[in-house]
Amino acid sequence: GGRAESLGFGGQLVIALCGAVLFAANVAPTEEIVMIAVEISTWRVLGLALLSMSLGALVLYYSEFAGSRKHVRFDRHHDVLVGTVVTYAVALASSAAILLFFGRFDGQALAVCVAQTVVLGVAATLGASAGRLLLQ
């Protein structure tokens with residue numbers, strides 16, 4: 001077995017969280033996140049979420065990082081789907097926590113808060129996906 005088995009699923013989630021925070025914390029304090037979130041339509045938020053998950057899957061499963069097959073389960077399409085969704089969930093949770101920390105939700109409507117989280121989630125997803133591979 002590879003290191004994924006010895007690290008375990010919980011360990012991979014922690015590494016994904018670290019990668020997400022590392023990427024998203026640098027972008028979260030910028031005004032661009034709020035500006036994009038205020039002006040983006042609902043359909044584009046959904047499209048951005050799908051784009052984030054696609055990029056996450058691409059990084060995790062299809063980019064052929066050296067040794068990536070040892071670190072990430074890739075037995076069936078179900079593994080790709082579950083791994084992608086879990087990584088995206090970690091990215092969104094860390095994005096929301098970071099935005100909350102920086103006070104970006106203060107006085108904002110729920111739709112704008114969700115949009116900010118999804119917008120920041122793009123960077124966080126890339127960080128979480130890369131983190132699962134590179135920080136091991």
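Counting begins at 1 with the first residue of the sequence.
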Item to check | Pairs satisfying salt bridge (Lys or Arg N to Asp or Glu O under 4.0 Å), at least one member in residues 89-106, at least two apart | outcome: Glu31-Arg104

Item to check | All side-chain contact (heavy atoms from CB on, under 4.5 Å) counterparts of Leu13, not counting sequence neighbours | outcome: Phe9, Val86, Val90

Checklist outcome for this item: Applied to residues 113-128, the side-chain hydrogen bond (donor to acceptor under 3.5 Å, both in side chains) test, sequence neighbours excluded, yields none

Item to check | Hydrophobic cluster partners of Val34 (side-chain heavy atoms under 4.5 Å) | outcome: Val38, Val112

Checklist entry - Do you reckon Leu50 sits in the same ILVMFWY cluster as Ile36, going by side-chain contacts under 4.5 Å, direct or chained? => result yes

Checklist entry - If you measure from CG on Leu58 to CG on Leu126, what distance do you get to the nearest 0.5 Å? => result 9.5 Å

Checklist entry - Quick one: side-chain contact (heavy atoms from CB on, under 4.5 Å) partners of Glu32, sequence neighbours excluded? => result Thr30

Item to check | CZ (Phe101) with more than 12 external heavy atoms under 6.0 Å | outcome: no

Checklist outcome for this item: In short, salt bridge (Lys or Arg N to Asp or Glu O under 4.0 Å) pairs touching residues 80-98 with sequence neighbours left out are none

Next on the checklist: Test: salt bridge (Lys or Arg N to Asp or Glu O under 4.0 Å). Region: residues 43-53. Which pairs qualify, not counting sequence neighbours?
Outcome noted: none

Item to check | Shared hydrophobic cluster for Met35 and Val119 (ILVMFWY, side-chain gaps under 4.5 Å) | outcome: no

Checklist entry - What salt bridge (Lys or Arg N to Asp or Glu O under 4.0 Å) pairs are there with at least one residue in residues 89-98, not counting sequence neighbours? => result none

Checklist outcome for this item: Here the pair of heavy atoms bringing Gly131 nearest to Ile15 is O-CG2, 2.8 Å

Item to check | Approximate separation, where rounding is to 0.5 Å, of Ser129 OG and Leu60 CG | outcome: 4.0 Å

Next on the checklist: Taking side-chain contact (heavy atoms from CB on, under 4.5 Å) as the definition, give me every residue that meets it alongside Ala123, ordered by chain and number, with sequence neighbours left out.
Outcome noted: Val27

Next on the checklist: If the condition is side-chain hydrogen bond (donor to acceptor under 3.5 Å, both in side chains), which residues does Ser95 pass it with, not counting sequence neighbours?
Outcome noted: none

Checklist entry - Can you check side chain to side chain contact (heavy atoms under 4.5 Å, CB included) on Ile33 and Leu99, steps first, answer last? => result CA-CA 10 Å; Ile33 300 298; Leu99 289 165; 4.3 Å; yes

Checklist entry - Got a second to check how far Phe23's CZ is from Cys18's SG, nearest 0.5 Å? => result 12.5 Å

Checklist entry - Looking at CZ of Phe102 and CG of Leu120, how far apart are the two atoms once the value is rounded to the nearest 0.5 Å? => result 9.5 Å

Checklist outcome for this item: Note: Ala49 and Val118 closest approach over all heavy atoms is N-CG1, 3.9 Å

Checklist entry - Going from OG1 on Thr87 to CG on Leu55, what distance comes out if it is rounded to the nearest 0.5 angstrom? => result 13.0 Å

Checklist outcome for this item: CE of Met53 to CG of Leu92, rounded to nearest 0.5 Å, is 8.0 Å

Checklist entry - What heavy-atom pair brings Gly121 and Ala91 nearest, and what distance separates the two atoms? => result O-CB, 4.3 Å

Checklist outcome for this item: By side-chain contact (heavy atoms from CB on, under 4.5 Å), Val122 pairs with (sequence neighbours left out) Leu48, Ser52

Next on the checklist: Could you report the tightest heavy-atom contact between Ile98 and Ala25, atom names first, then the distance?
Outcome noted: CD1-N, 4.0 Å

